[in-house]
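The structure appears below as structure tokens.
Convention: sequence-line order gives letters A, B, ...; per-chain numbering from 1. This one's a predicted model, so the numbers in the text were calculated from it and none came from an experiment.
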Amino acid sequence: MARWRPCRDHVRVRWAAGSPGTSWADLDKSPVTCAFRPPEPGPADAEHPKIPAFFRVETKMHPYRSHTCGELTKTHVGETVRLSGWVHRKRDHGGLLFIDLRDHYGLTQLVFDPDMGEAFKVAEQVRTESVLRIDGPVVARTEDAANTNLSTGAIEVQVKDATVLSAAQELPLPVFGEQEYPEETRLRYRFLDLRREGMHKRIVLRSHLIRAMRNSMEGQGFLDYQTPILTASSPEGARDFLVPSRLHPGKFYALPQAPQQFKQLTMVAGFDRYYQIAACFRDEDARADRSAGEFYQLDVEMSFVEQEEVFNVMEQLAADTFGAFSGKMDIPRVADKPPFVRIPYKTSMLKYGNDKPDLRNPIEIVDITEFFTPDEVSFKAFKNVIAQGGIVRGIPAPGAGSRPRSFFDKLNDWARKDQGAAGLGYIIFEEVDGALSGKGPIAKFFPAAVLTAMAEKAGVKVGDALFFACDKEAPAANLAGLARTRIGTTLELIEKDVFRFCWITDYPIYEFNETEGRIDFSHNPFSMPVGGLEALETQDPLDVMGQQYDLVCNGYELGSGAIRNADPDCMLKAFEIAGHAPEDTEKNFAGMINAFRLGAPPHGGIALGVDRIVMLLADQANIREVTMYPMNQQAEDLLMGAPSQPANHQLRELHLRHIPPPEKK
RNA sequence: GGGGGUGUAGCUCAGCUGGUUAGAGCGCUGGCCUGUCACGCCAGAGGCCGCGGGUUCGAGUCCCGUCACUCCCGCCA
């Protein structure tokens with residue numbers, strides 16, 4: 001719904017009134033959704049108490065428009081209007097010519113009659129995507145000429161006067177239509193791509209979503225505080241983007257990978273509840289769901305809290321965003337209601353093969369190592385792996401029994417060729433003479449009793465299949481997880497039009513790095529270990545849990561957070577276990593450690609990936625579809641030409657000299 | 001750094017086991033058309049078949065290399 005404010009003459013202002021946001025469905029119903037929201041009227045505005053001064057307009061004709069291209073209806077018939085917009089589409093009948101004029105708000109059909117002389121000539125010559133201003137009366141269309149697909153389809157404007165405000169040359173990329181185009185072209189001409197309906201709508205959705213996030217956070221007592229962009233490099237984490245210092249030769253700033261330390265310092269500074277839509281910069285390679293170089297997080301931190309309170313705030317945020325925006329065009333989508341399922345990390349790795357499970361997929365992996373070890377089971381291939389510390393994970397494939405042999409062969413090929421695994425064994429369960437029986441290349445190695453027990457543990461029935469992933473624990477779990485996704489997708493078991501959330505909890509604080517042969521932080525180095533300093537001093541580090549958690553939706557990691565380690569001694573010890581000498585930690589995190597020695601509240605928080613949330617709500621698999629000006633996979637901005645070579649004088653000022661990389665042979 | 005896919009007209013794509021002059025739709029140019037909304041009809045222009053090398057009587061097609069884009073692995077506290 002939209003509200004109107006009375007206003008003089010030709011200018012009207014309309015804005016979306018839905019709070020906290022407007023759904024896709026609302027956007028569709030109401031293409032006139034103003035990009036800005038007027039401020040509340042102030043008492044000083046005496047003459048027009050309801051109209052903010054900002055919107056008061058002189059009575060003379062506006063130079064560009066009296067209405068937008070999305071708002072004219074039958075009620076305007078008879079009015080003379082002025083419209084400006086882009087020539088979306090032209091239909092030239094020789095003696096009669098139609099133009100669909102487009103702006104942010106919608107489309108209006110213009111009619112040009114040869115009797116109009118000049119205006120008709122302008123229309124004949126104007127090319128699509130030129131910017132046009134017209135004047136003329138609104139006339140009703142006859143019933144059979146009306147276009148019900150258009151909000152303005154009941155009327156058209158009979159053009160009396162037309163001016164080309166900006167002529168467009170031949171287009172490298174058509175705006176009209178839904179055809180797909182090479183991404184390189186789209187990025188080079190991003191401003192044209194953004195004119196197209198789908199992109200335009202997604203960017204508006206993104207804006208509404210961010211407003212809803214802010215509303216939700218403010219409503220829950222959080223305040224937005226800005227943190228620096230030019231900051232110090234941090235030894236942990238991703239590769240930094242460095243910015244040379246002019247005043248300090250040889251020294252560099254780093255762009256923040258996240259405002260992690262600043263938000264913790266903000267808690268020490270007593271601000272209690274912080275949030276920010278924060279730009280984060282990491283010099284790592286891009287993926288479909290990961291932008292090159294930079295991305296945005298809803299960054300959150302709170303004082304005097306435990307894990308549950310962070311969850312509560314985020315679940316409310318999810319309800320205010322996913323709840324409010326879950327409608328997609330005319331398809332209703334359902335978002336899980338709080339509280340979300342909590343899944344310990346270990347359970348997730350077992351049942352789903354990763355720590356970002358897609359709970360729309362009903363398949364659950366089980367450990368079935370025990371069925372491969374008895375003497376009466378003669379399947380040597382797996383026995384050998386198990387003898388060397390391997391395990392077997394079973395992936396049920398409900399209803400796969402009726403699939404052709406090629407279904408099983410394809411999965412096997414995929415496991416071997418794409419995943420570099422030894423393969424995926426399988427057994428198809430069927431009924432023979434009233435008893436459960438196994439079919440497939442390896443079924444013959446299992447006595448009936450073992451098959452029955454295995455089927456029971458895996459929850460598979462007659463007509464189902466069970467796949468096996470056998471390897472050391474980590475690769476077996478990983479392969480099982482990938483197979484789970486693949487099988488669920490192929491068998492069309494994935495729920496549609498739902499958002500399934502969960503919290504992954506109880507992460508181990510460390511993990512063993514096989515290649516480097518050392519202990520690394522597994523999650524976030526600033527997390528409080530369960531049991532604190534004592535746990536670090538008395539337990540095997542690999543057994544210590546961290547108070548850290550991820551928020552997951554439909555297989556995407558939306559965000560990650562922790563209750564922080566705000567005890568200096570515990571922090572030094574935690575870093576020491578991960579191979580950082582206390583004096584290094586003191587130096588690298590001097591600001592924060594000192595802060596913790598001067599009165600730090602217990603605190604914790606989380607950061608959510610804004611871009612990924614928009615991806616989910618806009619139903620897109622590629623993050624660049626919801627980003628206005630993204631870089632390509634090689635981290636180049638094709639529109640602005642970044643990165644670019646600096647001028648010599650710039651380098652001199654920064655005390656830098658370019659050393660080209662060695663030539664490749 | 002590694003693996004996969006793609007690359008033919010401005011754009012989307014077809015082009016078979018190698019074989020005459022490389023096609024279609026959209027767009028563009030010109031002409032016709034007074035109710036279209038993907039308007040219609042007629043005509044035309046437009047191609048280093050990503051680039052380099054090779055095999056062959058002959059390469060868009062086969063082989064080798066290379067570049068670009070993209071997806072994935074590594075990486076992303």
Going by centres under 5.5 angstrom and planes under 30 degrees, do the aromatic ring of A/H93 and the base ring of B/U36 stack?
no
Can you tell me which nucleotide in [options] comes closest to the side chain of [X]?
{"X": "A/F176", "options": "B/C28, B/A77, B/A38", "result": "B/A38"}
{"X": "A/E170", "options": "B/U34, B/C28, B/U70", "result": "B/C28"}
{"X": "A/R127", "options": "B/C28, B/A77, B/U70", "result": "B/C28"}
{"X": "A/R287", "options": "B/U36, B/C73, B/C69", "result": "B/C73"}
{"X": "A/A288", "options": "B/C72, B/U70, B/A38", "result": "B/C72"}
{"X": "A/P182", "options": "B/U70, B/U29, B/C11", "result": "B/C11"}
{"X": "A/R290", "options": "B/C39, B/C71, B/C76", "result": "B/C76"}
{"X": "A/R89", "options": "B/U12, B/C39, B/U70", "result": "B/C39"}
{"X": "A/Q634", "options": "B/U70, B/C76, B/C75", "result": "B/U70"}

Which whole number of Å gives the distance between the [atom1] atom of [N] and that of [M]?
{"N": "B/G7", "M": "B/G60", "atom1": "C1'", "result": "12 Å"}
{"N": "B/U66", "M": "B/G47", "atom1": "P", "result": "31 Å"}
{"N": "B/U6", "M": "B/A14", "atom1": "P", "result": "11 Å"}
{"N": "B/U17", "M": "B/U61", "atom1": "C1'", "result": "11 Å"}
{"N": "B/G30", "M": "B/C49", "atom1": "C1'", "result": "29 Å"}
{"N": "B/G2", "M": "B/A77", "atom1": "C1'", "result": "25 Å"}
{"N": "B/G35", "M": "B/A68", "atom1": "C1'", "result": "48 Å"}
{"N": "B/G1", "M": "B/G74", "atom1": "C1'", "result": "8 Å"}

Measure from [atom1] on [X] to [atom2] on [N] and round the result to the nearest Å.
{"X": "A/D193", "N": "B/C11", "atom1": "CG", "atom2": "P", "answer": "14 Å"}
{"X": "A/F521", "N": "B/C76", "atom1": "CZ", "atom2": "P", "answer": "14 Å"}
{"X": "A/D285", "N": "B/G2", "atom1": "CG", "atom2": "C1'", "answer": "12 Å"}
{"X": "A/I99", "N": "B/C39", "atom1": "CD1", "atom2": "P", "answer": "12 Å"}
{"X": "A/E180", "N": "B/U70", "atom1": "CD", "atom2": "P", "answer": "15 Å"}
{"X": "A/Q633", "N": "B/C72", "atom1": "CD", "atom2": "P", "answer": "8 Å"}
{"X": "A/R91", "N": "B/C39", "atom1": "CZ", "atom2": "P", "answer": "5 Å"}
{"X": "A/F98", "N": "B/C33", "atom1": "CZ", "atom2": "C1'", "answer": "12 Å"}

For [N], give the paired nucleotide (Watson-Crick: N1-N3 plus N6-O4 or O6-N4; G-U: N1-O2 and O6-N3; both under 3.5 Å), or none.
{"N": "B/A9", "result": "none"}
{"N": "B/C39", "result": "none"}
{"N": "B/G19", "result": "B/C57"}
{"N": "B/G44", "result": "B/C28"}
{"N": "B/C76", "result": "none"}

Check the angle between the aromatic planes of [X] and [Y] and answer parallel, tilted or perpendicular using the 30° and 60° thresholds.
{"X": "A/F311", "Y": "A/W503", "answer": "parallel"}
{"X": "A/H603", "Y": "A/F596", "answer": "tilted"}
{"X": "A/H523", "Y": "A/Y507", "answer": "tilted"}

What nucleic acid atoms does A/A146 come within less than 4.0 Å of, heavy atoms only: base, sugar-phosphate, or nothing?
base
At 4.0 Å (heavy atoms only), tell me whether A/N632 reaches a base, stays on the sugar-phosphate, or touches nothing.
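The residue A/N632 makes sugar-phosphate contact but no base contact.
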Salt bridge check: are [X] and [Y] linked by an N-O gap of less than 4.0 Å?
{"X": "A/E129", "Y": "A/K90", "value": "no"}
{"X": "A/R518", "Y": "A/D520", "value": "yes"}
{"X": "A/E184", "Y": "A/R188", "value": "yes"}
{"X": "A/K263", "Y": "A/D299", "value": "yes"}

For A/Q158 and A/P172, find the nucleotide of RNA chain B closest to each by heavy atoms; which residue's nucleotide sits nearer the 5' end?
A/P172
If you assign A/P174 and A/K90 each to the RNA chain B nucleotide with the nearest heavy atom, which residue ends up on the more 5' nucleotide?
A/P174
Would one find a side-chain N or O of [X] under 4.0 angstrom from OP1 or OP2 of [N]?
{"X": "A/Q179", "N": "B/C13", "value": "no"}
{"X": "A/R624", "N": "B/C71", "value": "yes"}
{"X": "A/Q260", "N": "B/A77", "value": "no"}
{"X": "A/N622", "N": "B/C71", "value": "yes"}
{"X": "A/R186", "N": "B/C69", "value": "no"}
{"X": "A/N147", "N": "B/C37", "value": "no"}
{"X": "A/R188", "N": "B/A68", "value": "no"}

Kindly confirm or rule out a cation-pi arrangement of A/R89 over A/F176, judged by NZ or CZ under 6.0 Å from the six-membered ring centre and within 45° of its axis?
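Pair A/R89/A/F176 counts as cation-pi.
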Base of B/G10 paired with side chain of A/Q169 (donor-acceptor, under 3.5 Å)
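Check fails, no donor-acceptor contact within cut-off.
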No-H, no-angle donor-acceptor pair, A/E184 side chain to B/U70 base, under 3.5 Å
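Absent.
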Okay, side chain of A/R133, backbone of A/G85: is any donor-acceptor separation there less than 3.5 Å?
no
